[in-house]
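All ligand and atom numbering here is 1-based and tracks the order in the structure. The figures here come from the full heavy-atom set of this structure, side chains too, leaving out hydrogens, waters and symmetry mates. Since we're looking at a predicted model, the values are computed, not measured.
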Amino acid sequence: MNDAAIGVFDSGMGGLTVMRALKARLPQERFVYLGDTARLPYGTKSANTVRRYALQAATALTRRGVKLVVIACNTASVSLPALKDALAPLPVVGVIEPGAEAALAAAQGAPIAVIATEGTVKGGAYVRAIEAKGGADVAQQACPLFVPLSEEGLTEGPIAEAIAHRYLDPLLATMPKPRCLLLGCTHYPALKDVIARVAGPEIALVDSAETTAEAVARLLKDEGLQAPPRASALPEFLVTDAPDRFARVGEIFLGEPIDPGTVELVDLQ
Ligand code: DGL
């Protein structure tokens, strides 16, 4: 089992920002990434539909013999308890708790602003996770256009900037003023430069990628599932639509080129 890959999934390419941190933290591990590109976005769909999609994605990864599943999607983390039940004893890790931890550490007692998909905001997962870990005032804003914008590769320029102002200006004007802005969607780190500029220098930006990688590293160690030392292997990618586009645009999220030969089209239904 130690030799098996880690499975990672998202609705599209956003989860690649988490995989980037996982690869950096765990260079000896192999990864299989699944992007449900045919059904993106998850963020505007009901919790029941997202749960069904997440179960199908995780099941496809288990068929590839993975040793652990990372839900690299905040919206799909609504399915964490269901996936834990369905996949037991296979460990499953979500991004909400690690994200809440990162935000609390950065905010130092000040209010936290959370931007996320409509589904994540409505479900209140971050409000609950922050409360459970010690608590802070939380202001939330759904930013649905950030997902297509980043998947389109439109991560800079006047359009991205105008949309960021539209979402962030009212959120960051709330009183008392937040000191930390949590990117509660794995797509948003692709827009980090624009978001940071619009938010201003006194707001710390955090996301769940590094804290999730840390949680996965801890779990592998605790469960004795660490990979044996070896030369790093190329990740495998599974997508439900448009593999060429995934290979082309995915680099924005992963931070390194994706070889189109490593992207396979799969059907989850
Ligand atoms: N990347 C996903 C997240 O972290 C959401 C994108 C979508 O709406 O599908 O919430």
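Not counting sequence neighbours, the partners of E223 by the side chain to side chain contact (heavy atoms under 4.5 Å, CB included) test are L219, L225. Evaluation of the side chain to side chain contact (heavy atoms under 4.5 Å, CB included) rule for P235 yields M19, K23, F31, F237 as partners, not counting sequence neighbours.
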Step-by-step salt bridge (charged side-chain N to carboxylate O under 4.0 Å, His left out) determination, E97 to K133: CA-CA 9 Å; E97 285 205 6; K133 287 183 183 295; 3.5 Å; yes
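In this pair, Y188 and F146 present their aromatic rings perpendicular. The plane angle is above 60°, beyond the 30 to 60° band.
Within the structure, salt bridge (charged side-chain N to carboxylate O under 4.0 Å, His left out) contacts touching residues 194-212 (residues at least two apart or in different chains) are E156-R197, E161-R197, K192-D207.
Between the side chains of T120 and T117, at least one donor N or O sits under 3.5 Å from an acceptor N or O.
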What does the contact table look like for ligand 1 (nitrogen or oxygen on each side, cut-off under 3.5 Å)?
unit_1, atom_1, unit_2, atom_2, d
ligand 1, 1 (N), D10, OD1, 3.0
ligand 1, 1 (N), T186, OG1, 2.9
ligand 1, 1 (N), H187, ND1, 2.8
ligand 1, 4 (O), N74, N, 2.8
ligand 1, 4 (O), N74, ND2, 3.0
ligand 1, 4 (O), T186, N, 2.8
ligand 1, 4 (O), T186, OG1, 3.2
ligand 1, 8 (O), Y42, N, 3.4
ligand 1, 8 (O), G43, N, 2.8
ligand 1, 9 (O), S11, OG, 2.6
ligand 1, 9 (O), Y42, N, 2.6
ligand 1, 10 (O), N74, N, 3.4
ligand 1, 10 (O), T75, N, 3.0
ligand 1, 10 (O), T75, OG1, 2.6

